[in-house]
Amino acid sequence: MTMPLMRPKRKNPVLRTRQMNLPPWARGRVALGITAAAAEGRFELQTCEDCGTVQYPPREACHKCLSPRLHWREQGGEGELLSSTTLHHSNDLFFRERLPWRLGLVRLDAGPTLMVHLHGEVVDSDQAPARVRVGARLDRAGQAVLIGFPNEGSAHMADDKMLREMTSDPKFRKVLVTDGKTEVGQAIVRALVKAGADIVWVGHAEPWKKMGGLEDITALPQVTLVPLDLTNGRSVTELAGEIGGKVDIVINNAEVHRSFGIGSRRGTDVAKAEMDINYFGLLRLAQEFGPALKGRSADGATGATAWVNLLSIYALSNFPPHGTFSASKAAAHSLAQCLRAEMRPAGIRVINVFPGPIDDEWNQHTPPPKLAGSALANAIVKALRDGVEDVYPGDVAQEWLERWRDNPKILERELAAGG
């Protein structure tokens, strides 16, 4: 049984902040298939299309029949723990700082035998034949690792020391939510408080205005309203100077969303407003808060850990009824990929969220199903707890993603024709 995580002591400000040492991260191109699946919360292994063999480690050809027709297939992960050991010494800098560390050898029901990290609640192999469930997670270097979980865990299994190294659980962490005036922003704040966040700073571009719902969330003892206007570089700089060295998780949910495309409106003012928040706002925020997060990624049990971007499924393929908004989100998606590459050496996870149509004023003419703000907020908290990189909440987002992966050009033509 995992002991619940206790609130960490306040850091001594005189002590120097430790620098992040990443786990071994080199992978061959074939092995990156496991990482691609783990980034979305799946455990996949290569399956031979000719003989049906499931194999590990990844190879260019099937080890049984030598066929090159290998495809990645999701696995259930059920298996038997054959042996286990506890590592008390390591020459690797990352593991040396985190000893002891449990490892195990698991034979999957699907066939392969794997070396995995073991969750603390998995019983030792010499005590009883243990059934485990293997899952894939991203480590601090952003690469997939395999973890053996118990089939039935306790209520606090997410507090396992090893597992917290692979996730960005908001429990006892300090979070910045960039926009609290929207229903989505307020739902995110409530979900973070429920998840155990220590402090939630909520940005408000116009704090003198009385906005609906703000009084409810600011009444929560964990919530503090702060002035933040992503169109104003000085506003972002001042807030970063005030709280940048304390923030553990940044959730950028600020956006401008307007309907119509190119020919339905004159001028570029609306498109500029969308780009100023959706793209340049992210850029300003990353330039000011990014260095502070990178500097605190190894700052104890609740150090800086994640950056979340609220994008849109429209970023994958332009949706003409929301044409310029789609373009701004596509630009933000590209920028977020750059941010992810720059944050990875510090162990900061960049999570991109691609929701379908949200149930708000700008999608009121869009037929259901639409995503409620609370559902989107819960998806963000779950992504932080699971340690994934890309999230597609909602039925529409899942359908669009499947169609986009199947054939992007067909999806483009279908959207141009109205759906």
Side-chain angles (χ1 to χ4, degrees), residues 1-9 18 20-24 34 38-39 41-43 76-90 92 94-106 114-128 130-173 192 194-198 248-249 297-306 347-349 351 381-389:
M1 181 176 180
T2 305
M3 294 297 295
L5 179 70
M6 305 304 294
R7 184 182 299 274
K9 296 180 180 179
R18 297 181 63 86
M20 172 59 69
N21 289 311
L22 295 179
I34 299 180
R42 301 188 308 277
F43 170 41
E78 291 79 10
E80 181 181 352
L81 180 64
L82 301 179
S83 63
S84 62
T85 187
T86 300
L87 195 66
H88 293 280
H89 173 78
S90 175
D92 183 85
F94 177 85
F95 290 106
R96 187 173 64 179
E97 297 174 350
R98 292 160 176 82
L99 298 174
W101 196 274
R102 296 186 67 207
L103 300 172
L105 195 65
V106 176
L114 320 172
M115 179 69 74
V116 302
H117 304 289
L118 283 182
H119 190 279
E121 295 187 13
V122 175
V123 300
D124 291 331
S125 58
D126 57 356
Q127 294 181 7
R131 294 289 298 176
V132 297
R133 174 179 50 84
V134 176
R137 295 288 188 275
L138 298 178
D139 63 13
R140 295 302 292 269
Q143 298 290 357
V145 293
L146 304 180
I147 302 177
F149 296 94
N151 281 337
E152 294 184 6
S154 69
H156 299 288
M157 67 179 301
D159 291 337
D160 180 75
K161 180 180 177 182
M162 179 273 297
L163 192 57
R164 279 184 67 88
E165 288 288 346
M166 312 292 178
T167 64
S168 306
D169 197 321
K171 186 176 183 179
F172 296 142
R173 285 192 163 101
L192 290 168
K194 184 178 179 181
D198 193 35
D248 302 319
I249 300 173
S297 59
D299 199 7
T302 55
T305 185
I348 299 295
R349 178 155 299 140
I351 301 173
V381 171
K382 186 177 186 301
L384 289 167
R385 285 175 167 167
D386 292 347
V388 301
E389 282 188 347

- request: Keeping the roles fixed (side chain from R133, backbone from E152), state whether a donor-acceptor pair exists under 3.5 Å.
  value: no
message: On a heavy-atom basis, which atom in A158 and which in D169 lie closest, and how many Å separate them?
response: CB-OD2, 4.1 Å
Salt-bridge present (E78, R131; N to O < 4.0 Å): no
query: Closest approach of P170 and I249, non-hydrogen atoms and distance?
result: CA-CD1, 4.0 Å
task: For A136 and L146, work out which heavy atoms get closest and say how close.
output: CB-CD2, 4.1 Å
field: Set of residues satisfying side-chain contact (heavy atoms from CB on, under 4.5 Å) with respect to R96, sequence neighbours excluded
entry: L93
- line: Rounded to the nearest 0.5 Å, the NE2 atom of H119 sits from the NZ atom of K161 at a distance of 13.5 Å
query: Which residue, L118, T85, V116, forms the side chain to side chain contact (heavy atoms under 4.5 Å, CB included) with R102?
result: L118
- request: State, yes or no, whether a side-chain contact exists between L138 and V388 at a heavy-atom distance under 4.5 Å.
  value: no
- request: State which residues pass side-chain contact (heavy atoms from CB on, under 4.5 Å) with L87; sequence neighbours excluded, sorted by chain then number.
  value: S90, L99, W101
Qualifying residue for side chain to side chain contact (heavy atoms under 4.5 Å, CB included) with E165, from R140, H117, R137: R140
- line: In short, G303 meets R173 closest at the heavy-atom pair O-NE, 3.1 Å
- prompt: Judged by atom type as modelled, is there a donor-acceptor pair below 3.5 Å linking the side chain of R164 to the main-chain atoms of T302?
  reply: no
message: Rounded to the nearest 0.5 Å, what separates atom CG in L192 from atom CG in L384?
response: 7.5 Å
task: Heavy atoms only: give me the nearest D139-P24 pair and the separation to one decimal.
output: OD2-O, 4.3 Å
field: Value rounded to 0.5 Å, distance of NZ in K171 from CG in L5
entry: 5.5 Å
query: Between E121 and D160, does a side-chain contact (heavy atoms from CB on, under 4.5 Å) hold up when you go through it step by step?
result: CA-CA 8 Å; E121 295 187 13; D160 180 75; over 6 Å; no
field: Test item: I351 and E389 side chains (from C-beta on) under 4.5 Å apart, heavy atoms
entry: no
query: What do the steps show when you test F172 against D248 for side-chain contact (heavy atoms from CB on, under 4.5 Å), and what is the final call?
result: CA-CA 10 Å; F172 296 142; D248 302 319; over 6 Å; no
- line: Closest non-hydrogen contact found for V123 with A130 is CG2-CB, 3.5 Å
